[in-house]
Chemist: 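Quick one: structure below, then a few questions.
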Amino acid sequence: MDIQRPRGTRDFLFEEMKERKEIETTLRRVFETYGYGEIKTPLFEDLALFTMKSGEGIVEQIYNFQDKGGRDLALRPELTAPVARLYINELQKSPKPLKMYYFGSCFRYERPQKGRWRQFWQMGCELIGGKSPESEAEIIAMATHSLEELGLTDFEIHIGNLGIIRGILDQADVEKGVQDIIMAIIDKGEIDELLKTLNELKIDPKTSEILLTLVGLVGHREIIKEASEIIKDSPESVEALEELEELLDILEAFGFSNYTVNLGIARGLDYYSGIVFEIYARSLGAQKQISGGGTYNLIEIFGGEKVESTGFAFGFDRLVECVRQCGRAKSLPKTVDVYVAPISKELKLKAFEVAQILRKNSIKTEVDLVGRKLKKILSLANNLQADYVILVGERDLEEGKVTMKDMESGKQELVEIESLTQEIKELLKAA
RNA sequence: GCCGGGGUGGGGUAGUUGGUUAUCCUACGGGACUGUGGAUCCCGCGACUCGGGUUCGAAUCUCGGCCCCGGCCCCA
């Protein structure tokens, strides 16, 4: 019988887990320095939680099932909906703003390819209540800060405000449903298709022209000026643009000016209400988006009181890939510092004793468990890159000592068992 | 869902105009070698992704499945 891993899933081995854990730890540290606390939600939820948010259509891409009680459940395909649910269930009356972060795996039934798996990890945060350019800026600053802490530099952060385009559409009396169709096309970035659709929908030429120009505005601060010329007849858009500008000012105060203003970001779904941002890592190829976020009104959709929240999530697996490409994979910690080897079988119990002394002092210690010959142990210790091998032999033991062999130099010395821990700790620290 | 490239011991590979026992490296187990050679040498273990077809004969040709890689669609 040959059982294979399900399609689109991965096994992570020792080295890779160390790498992932290090990235996870770094992000946790950054999130916590900004005052976010960790939460965790279940791996599966009521299917309706996701269809409510994204429409029935997404069931196609969800791992869903009925449990023995006939409940329609789904492995979560993302984490913002569960987090909103958690908020409504547990935290609605808590003081705002509420800052929380999460890390966990999600599942989507999709065709696997580079940067896309059927089980993947997201790490992100949510700031609920207290919507303001200040909190939005802080979130973007935190996302950027996180990437810097990981040593990444080759990324672009694009910021936009949906209110600008929505304002133009409102001004032209385009109804909500039609707006959503247009936003979806803008999100794809297909200019030709957008042009075609605007014609088909009989949007007036002036509005179409404004939209096409706005969507093409991508650049630094100066495009705000260009945009403000174009939209000056729509008060709603003017307000949104001012809001965006204020956000950029604040962001600079937080120390980040390396952003791109991109009015073409639309983020398909209609509950996004204000600023949106996406981060790309060019080196990743087709699946280059490593993060997406913005301000939205999701909680109300789920029946909570109206509260806006701002959040973003990193595609954790893609971050791992970036860090790896960046070659900044720090030297990984060794698995073992010391290997304890009994010189003869009779001394194995003594070897265990010695190993335990070291382990209780937090020294990473391996000891022979299968009666290997000394030569074999030295060979293994060498392959594991252990720093020292402790040879436990009868002659030394008579004096209460063991032999400590430096695997780098090959030199060895007799050490009192009592002072062994101390000695090794100092040597490891020095190295 | 679509297009293209792949799949040989645990890891990395050679071999593919069909033809003995499928190559080498590494890892692993044992030995030469009993408190010390981590070197060297010897021995061992272990693979053609799965199924059908063509053929006297298939890792090799062919069809299909599975899985992987790159891209398209999608991407909450």
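Here is the naming used below: chain letters follow the sequence lines, and residue numbers restart at 1 for every chain.
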Chemist: Please measure how far the P atom in G18(B) lies from the corresponding atom in A59(B), and state the result in whole Å.
Modeler: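 Straight-line distance between the two P atoms is 13 Å.
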Chemist: Considering every strand and a 4.0 Å limit on heavy-atom distances, what is the contact class for Lys188(A): base, sugar-phosphate, or nothing?
Modeler: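 Sugar-phosphate only.
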Chemist: My understanding is that a pair needs two contacts under 3.5 Å, Watson-Crick or G-U wobble. By that rule, which nucleotide pairs with C67(B)?
Modeler: G6(B)
Chemist: Please test Tyr296(A) against Ser309(A) for side-chain contact (heavy atoms from CB on, under 4.5 Å), starting from the C-alpha separation and ending with a verdict.
Modeler: CA-CA 6 Å; Tyr296(A) 33 79; Ser309(A) 63; 3.5 Å; yes
Chemist: Going by an N to O cut-off under 4.0 Å, is there a salt bridge joining Lys176(A) and Asp180(A)?
Modeler: yes
Chemist: So, OP1 or OP2 of C68(B): does either fall under 4.0 Å of a side-chain N or O from Arg7(A)?
Modeler: yes
Chemist: Both Pro112(A) and Gln287(A) contact RNA chain B. Taking the nearest nucleotide for each, which residue is further toward the 5' end?
Modeler: Pro112(A)
Chemist: Which residues pass the salt bridge (charged side-chain N to carboxylate O under 4.0 Å, His left out) test with Lys373(A), sequence neighbours left out?
Modeler: none
Chemist: Using atom CD of Gln113(A) as one end and atom C1' of C2(B) as the other, report the distance to the nearest whole Å.
Modeler: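 Rounding to the nearest Å, CD of Gln113(A) and C1' of C2(B) are 12 Å apart.
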Chemist: For C68(B), does OP1 or OP2 lie under 4.0 Å from any side-chain N or O of Arg10(A)?
Modeler: no
Chemist: Between Asp11(A) (CG) and C68(B) (C1'), how many Å, whole number?
Modeler: 14 Å
Chemist: Should the side chain of Arg108(A) and the base of C75(B) be counted as holding a donor-acceptor pair, with the cut-off at 3.5 Å?
Modeler: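 Not at all, since no donor on one side and acceptor on the other fall under 3.5 Å apart.
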Chemist: How many whole angstroms separate atom CZ of Arg372(A) from atom P of G30(B)?
Modeler: 7 Å
Chemist: In whole Å, measure the gap between the P atoms of C66(B) and G30(B) for me.
Modeler: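 Their P atoms lie roughly 42 Å apart.
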Chemist: Could you work out the separation of C61(B) and C69(B) based on their C1' atoms and round it to a whole Å?
Modeler: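 Those two atoms are separated by 24 Å.
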Chemist: Look at the side chain of Gln4(A) against the base of U49(B) and say whether a donor-acceptor pair falls under 3.5 Å; ignore hydrogens and angles.
Modeler: no
Chemist: What integer number of Å spans the C1' atoms of G9(B) and G5(B)?
Modeler: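 Taking atom C1' in both G9(B) and G5(B), they lie 25 Å apart.
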Chemist: What contact category does Leu380(A) fall into here, base, sugar-phosphate, or nothing, at under 4.0 angstrom with non-hydrogen atoms?
Modeler: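 Answer is sugar-phosphate: Leu380(A) comes under 4.0 Å of backbone atoms only.
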Chemist: Is any N or O donor-acceptor pair between the side chain of Arg111(A) and the base of G70(B) shorter than 3.5 Å?
Modeler: yes
Chemist: When you measure from the side chain of Arg71(A) to the backbone N and O of Gln66(A), does any donor-acceptor pair fall under 3.5 Å?
Modeler: no
Chemist: Give one of base, sugar-phosphate or nothing for Gly8(A), where a contact means two heavy atoms less than 4.0 Å apart.
Modeler: sugar-phosphate
Chemist: Under a 3.5 Å cut-off for both contacts, is A58(B) paired Watson-Crick or G-U wobble with anything, and if yes, with which nucleotide?
Modeler: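 Partner of A58(B): none.
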Chemist: Enumerate donor-acceptor pairs with a distance under 3.5 Å from any side-chain N or O in residues 137-144 of chain A to protein atoms, sequence neighbours excluded.
Modeler:
{"residue": "Glu138(A)", "atom": "OE1", "partner": "Lys99(A)", "partner atom": "NZ", "Å": "2.9"}
{"residue": "Thr144(A)", "atom": "OG1", "partner": "Ile140(A)", "partner atom": "O", "Å": "2.8"}

Chemist: I'd like the C1' distance from A14(B) over to C67(B), given in whole Å.
Modeler: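 Result for the C1' pair: 24 Å, nearest Å.
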Chemist: When rounded to the nearest Å, what value does the distance between C1' atoms of C45(B) and C63(B) take?
Modeler: 36 Å
Chemist: Please classify the nucleic acid contact of Gln289(A) as base, sugar-phosphate, or nothing, using heavy-atom distances under 4.0 Å.
Modeler: nothing
Chemist: Can you find an N or O donor on one side and an acceptor on the other, under 3.5 Å apart, linking the side chain of Arg5(A) with the base of C68(B)?
Modeler: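 Under the 3.5 Å cut-off, the side chain and the base do not form any donor-acceptor pair.
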Chemist: Using the C1' atom in both, what is the distance from U60(B) to U17(B), to the nearest Å?
Modeler: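 About 10 Å, rounded to a whole number of Å.
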Chemist: Taking 4.0 Å as the cut-off, does a side-chain nitrogen or oxygen of Asn383(A) come that near to OP1 or OP2 on U26(B)?
Modeler: no
Chemist: For Ile182(A), which of Ile165(A), Asp187(A), Leu194(A) qualifies under side chain to side chain contact (heavy atoms under 4.5 Å, CB included)?
Modeler: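 Only one option passes, and that is Leu194(A).
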Chemist: Regarding Tyr271(A), tell me which of base, sugar-phosphate or nothing describes its non-hydrogen contacts under 4.0 Å with the strands shown.
Modeler: sugar-phosphate
Chemist: Starting at CD1 of Ile185(A) and ending at C1' of C75(B), how long is that distance when rounded to a whole Å?
Modeler: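 So the CD1-C1' distance, Ile185(A) to C75(B), works out to 16 Å.
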Chemist: Could you label the plane-to-plane angle of the Phe31(A) and Tyr101(A) rings as parallel, tilted or perpendicular, counting under 30° as parallel and over 60° as perpendicular?
Modeler: perpendicular
Chemist: Grab the CD-P distance between Glu190(A) and C74(B) for me, whole Å please.
Modeler: 8 Å
Chemist: Using a 4.0 Å heavy-atom cut-off across all strands, classify Ser344(A) as base, sugar-phosphate, or nothing.
Modeler: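 Contact class for Ser344(A): none.
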Chemist: Would you kindly give the NZ-to-P distance between Lys373(A) and G30(B), to the nearest whole Å?
Modeler: 8 Å
Chemist: Under a 3.5 Å cutoff, is there a donor and acceptor pairing between the side chains of Ser273(A) and Lys131(A)?
Modeler: no
Chemist: How far, in whole Å, is C28(B) from C33(B) if one measures between their P atoms?
Modeler: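 Each nucleotide's P atom is 22 Å from the other's.
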Chemist: Could you write out each protein N or O paired with an N or O of nucleotides 37-40 of chain B at a distance under 3.5 Å?
Modeler:
{"residue": "G38(B)", "atom": "N1", "partner": "Met407(A)", "partner atom": "O", "Å": "2.5"}
{"residue": "G38(B)", "atom": "N2", "partner": "Asn382(A)", "partner atom": "OD1", "Å": "2.6"}
{"residue": "G38(B)", "atom": "N2", "partner": "Met407(A)", "partner atom": "O", "Å": "2.8"}
{"residue": "G38(B)", "atom": "N3", "partner": "Asn382(A)", "partner atom": "OD1", "Å": "3.2"}
{"residue": "U40(B)", "atom": "O4", "partner": "Lys375(A)", "partner atom": "NZ", "Å": "3.3"}

Chemist: Which pair of heavy atoms, one from Leu49(A) and one from Phe302(A), lies closest together, and at what distance?
Modeler: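 That would be O-CE2, 3.5 Å.
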